[in-house]
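Side chains are part of it too, since the values below use all heavy atoms of this structure and drop only hydrogens, waters and symmetry mates. Because the structure is predicted, anything quoted here is derived from the model rather than measured. Residue numbering restarts at 1 for every chain, and letters A, B, ... go by the order of the sequence lines.
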There are 2 protein chains.
Amino acid sequence: MQPDIAIVASLIGETTRARMLTALMGGKALTATELAVEADITAQTASSHLSKLVTGQLLIVRKQGRHKYFQLKGPKIAALLETLLNISTDIASTRPAVTTGPADPRLRAARVCYDHLAGELSVKLFDSLIVKKLIIQEAEQVQLTAQGQDFFADMGASIAPSKSKRPLCKSCLDWSERRSHLAGITGQWILNDLFKQGWAHKDLDSRIVQFSQRGLRLFRKKYAIEG
Amino acid sequence: MQPDIAIVASLIGETTRARMLTALMGGKALTATELAVEADITAQTASSHLSKLVTGQLLIVRKQGRHKYFQLKGPKIAALLETLLNISTDIASTRPAVTTGPADPRLRAARVCYDHLAGELSVKLFDSLIVKKLIIQEAEQVQLTAQGQDFFADMGASIAPSKSKRPLCKSCLDWSERRSHLAGITGQWILNDLFKQGWAHKDLDSRIVQFSQRGLRLFRKKYAIEG
DNA sequence: TCAATACTTCGACCGACAGCGTAGTATTAA
DNA sequence: TTAATACTACGCTGTCGGTCGAAGTATTGA
């Protein structure tokens, strides 16, 4: 009668699979072996987990030669994982702090969150967009202002609304900064633009976004982020 | 380094606990025995599960005499469960339909979804609010129009914004109707108002919202819902 | 054709944990 | 005080499922 929450949750609720899913939040499709390495298990075990995740509809798989590329099935799944991540962070922080240990500073600075930018820099970006009135925030909803639409259009961004059901802008709670950053189509465009301009590249084995000196300077200038 | 998604997900990812959590989505606090009955297990097992859910920060507990009342820890948790419910529904519907079985028609008609109204009637309500331009919907975001604010204010609704971080309006995908209905503070107010006016009452052992003949008529009139 | 790589299937092991029976401790009611 | 109710602690059992080794199937490249 009621859809079974438990089957989806139990798919995520296993350490190894959770690690794989988190790795895939980078948005990039990964092969079975890459995911096996990521989760630190053998290929056989990985294969078993991945088939479960695919039949469980959390992942989709694309076969290419002798490789199989896995990725999150869609934004809904990504959103679910983000929500889980946020709640887990909340919980972890209110628990007798055992291992609050300082995370990798580069990871704190800038990283990929599914398909948009997260970390310190992204929070500053968010603030700057607010100050420049390119976006407005009400409660948990974020919207592009007319100025904002012009701003992005001028840079050649094709972020048409209504194309999909996905919102143009969406605030996403940053689990390292505990503040909002920008998700949604616009957030995605900004990240892609970063890479296209060559201002930064994504580390292969992690979610770290590594800026070049020049890239960081130009990025800050473009979005008026104080140094 | 990274908060562990798996521990939260695994708490939900067990059939019995999932049933308890779903039962608590009614928003009402329930005692341990009530939850044990709901999940069809003994009191001992229920006790064990509930203590896990409390230490896992998904539930809070209030002791009252020899009873212990459990409820979801907050709207975030409720939102997580809703998201899971939606995704599970999606998945269930695209799977070789084994048990699409017709749910309890009363449950389909009107039920409680955490703290707001769900089901056929709620979808019609949502449509009507759109038509009357009391709310507007863009992508997945919903907002109260000026007219809408007046409308609810005239009825004595104290739905002030910015009070909490919770949005005034929020669309919530209905798992029986597969369409949007209204959540958020306004959605909550509407449900409470329903009960206060005596137009409907909530079944004790389920999430069914049972309208009286008169209540249904007045409700439809108030929100201009076609019969 | 042969070798190397990528992934899957099968079978076995084993640890984790849901479930319950028994026996407790609070709290209420008579 | 006694009895009943609500919940909890402990120990046991049975099962589910994650893990890997070994063997097998596809795909690529030489």
So what does B:Thr45 hit on the nucleic acid, given a heavy-atom distance under 4.0 Å: a base, only sugar-phosphate, or nothing?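 Base contact - B:Thr45 has a heavy atom under 4.0 Å of at least one base atom.
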Once you round it to whole Å, what is the distance between [atom2] of [N] and [atom1] of [X]?
X	N	atom1	atom2	result
B:His49	D:dC7	NE2	P	16 Å
A:Glu14	D:dC16	CD	P	17 Å
A:Ile7	D:dC16	CD1	P	17 Å
B:Arg17	C:dA16	CZ	P	16 Å
A:Leu11	D:dG17	CG	P	11 Å
B:Met20	D:dC7	CE	C1'	13 Å
A:Asp40	D:dG18	CG	C1'	14 Å
A:Arg62	C:dC7	CZ	C1'	17 Å

Go through A:Gln197 and A:Asp193 one step at a time and tell me if the side chain to side chain donor-acceptor pair (under 3.5 Å) criterion holds. CA-CA 6 Å; A:Gln197 304 281 354; A:Asp193 184 50; 3.1 Å; yes
Is there a side-chain contact between [X] and the phosphate of [N], meaning an N or O under 4.0 Å from OP1 or OP2?
X	N	value
A:Thr42	D:dC20	yes
A:Thr33	C:dC7	yes
A:Lys52	D:dG18	yes
A:His67	D:dT28	no
B:Lys63	C:dT27	yes

Show each protein N/O and nucleotides 8-10 of chain C N/O combination with a separation under 3.5 Å, one pair to a line.
unit_1	atom_1	unit_2	atom_2	d
C:dT8	OP1	A:Lys68	NZ	3.0
C:dT8	OP2	A:Ser47	OG	2.6
C:dT8	O5'	A:Ser47	OG	3.3

Review item, nucleotides 28-30 of chain C N/O atoms under 3.5 Å of protein N/O:
none

Can you check side-chain contact (heavy atoms from CB on, under 4.5 Å) on A:Arg17 and A:Ile12, steps first, answer last? CA-CA 6 Å; A:Arg17 282 195 292 263; A:Ile12 309 175; over 6 Å; no
Of the options A:Leu50, A:Leu58, A:Thr15, A:Leu59, which is the one that meets A:Met20 in a side-chain contact (heavy atoms from CB on, under 4.5 Å)?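 Among A:Leu50, A:Leu58, A:Thr15, A:Leu59, the one that satisfies the side-chain contact (heavy atoms from CB on, under 4.5 Å) with A:Met20 is A:Leu50.
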Measuring from the side chain of B:Ile41 (C-beta onward, heavy atoms only), which nucleotide among C:dC7, D:dA6, C:dC20 has the closest atom?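 Among C:dC7, D:dA6, C:dC20, the one nearest the side chain of B:Ile41 is C:dC20.
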Could you give the distance from [atom1] ([X]) to [atom2] ([Y]), rounded to the nearest 0.5 Å?
X	Y	atom1	atom2	result
B:Leu84	B:Ile91	CG	CD1	9.5 Å
A:His116	A:Ile190	NE2	CD1	10.5 Å
B:Thr55	B:Leu11	OG1	CG	7.0 Å

Salt bridge between B:Lys73 and A:Asp90, side-chain N to carboxylate O under 4.0 Å?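 A salt bridge is absent here (no side-chain N lies under 4.0 Å from a carboxylate O).
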Given B:Trp199, B:Phe219, B:Phe195, the one that forms ring pair (Phe, Tyr, Trp, His ring centres under 6.0 Å) with B:Phe211: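 The ring pair (Phe, Tyr, Trp, His ring centres under 6.0 Å) with B:Phe211 is passed solely by B:Phe219 among B:Trp199, B:Phe219, B:Phe195.
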Taking side chain to side chain contact (heavy atoms under 4.5 Å, CB included) as the definition, give me every residue that meets it alongside B:Thr16, ordered by chain and number, with sequence neighbours left out.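 B:Thr16 satisfies side chain to side chain contact (heavy atoms under 4.5 Å, CB included) with B:Glu14, B:Ala39, B:Ile41, B:His49 only.
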Side-chain donor or acceptor of B:Thr22 paired with backbone N/O of B:Ala18 under 3.5 Å: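 A pair under 3.5 Å: yes.
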